[in-house]
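All values below were derived from every heavy atom in this structure, side-chain atoms included, with hydrogens, water molecules and symmetry-related copies excluded. Numbering of ligands and ligand atoms starts at 1, following listing order. Keep in mind that this is a model prediction, so the values were computed, not measured.
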Amino acid sequence: MAKCPTCGKEVAPKKSWKMAGRPDKAGKRTELTIGLCECCGKTFRTTLNKQKI
Ligand SMILES: [Zn+2]
């Protein structure tokens with residue numbers, strides 16, 4: 001679930017996918033789970049989860 005930036009309501013993402021983030025100083029990569037949500041007639045992207053891989 002993600003919070004709508006306009007009304008603050010919790011919305012379920014319509015679509016989600018994984019993306020590799022940039023590596024940190026130690027070279028560890030972060031895998032991000034991005035969600036696409038729709039609320040208030042707008043779509044917005046949000047980070048649902050971050051995971052070190
Ligand atoms: Zn909303």
Side-chain angles (χ1 to χ4, degrees):
M1 298 293 269
K3 218 172 215 180
C4 170
T6 310
C7 69
K9 208 169 92 177
E10 294 276 328
V11 282
K14 287 205 307 179
K15 205 176 147 185
S16 69
W17 66 94
K18 285 184 178 179
M19 217 173 85
R22 41 170 91 176
D24 67 10
K25 283 180 208 157
K28 283 250 180 192
R29 284 191 172 271
T30 307
E31 188 184 71
L32 305 169
T33 306
I34 312 292
L36 187 75
C37 305
E38 199 181 306
C39 189
C40 300
K42 283 182 189 178
T43 52
F44 60 97
R45 277 206 270 173
T46 183
T47 306
L48 300 170
N49 193 39
K50 270 186 205 177
Q51 194 186 0
K52 285 263 169 86
I53 50 171

What one should report as the nearest heavy-atom pair of M1 and L48 is O-CD2, 4.3 Å
Can you find a heavy atom in the side chain of T46 that is under 4.5 Å from one in the side chain of I34? no
Worked verdict on K9 versus K3 for side-chain contact (heavy atoms from CB on, under 4.5 Å): CA-CA 6 Å; K9 208 169 92 177; K3 218 172 215 180; over 6 Å; no
Testing the basics here: between T6 and C40, what is the closest heavy-atom pair and its distance to 0.1 Å? CB-SG, 3.9 Å
Please report the closest heavy-atom contact between P23 and R29, naming both atoms and the distance. CD-NH1, 4.1 Å
Run through the side-chain heavy atoms of Ile, Leu, Val, Met, Phe, Trp and Tyr, join any pair under 4.5 Å, and report what else lands in F44's cluster. V11
Starting from the Zn ion (ligand 1), count all protein N, O or S atoms within a radius below 2.8 Å. 4
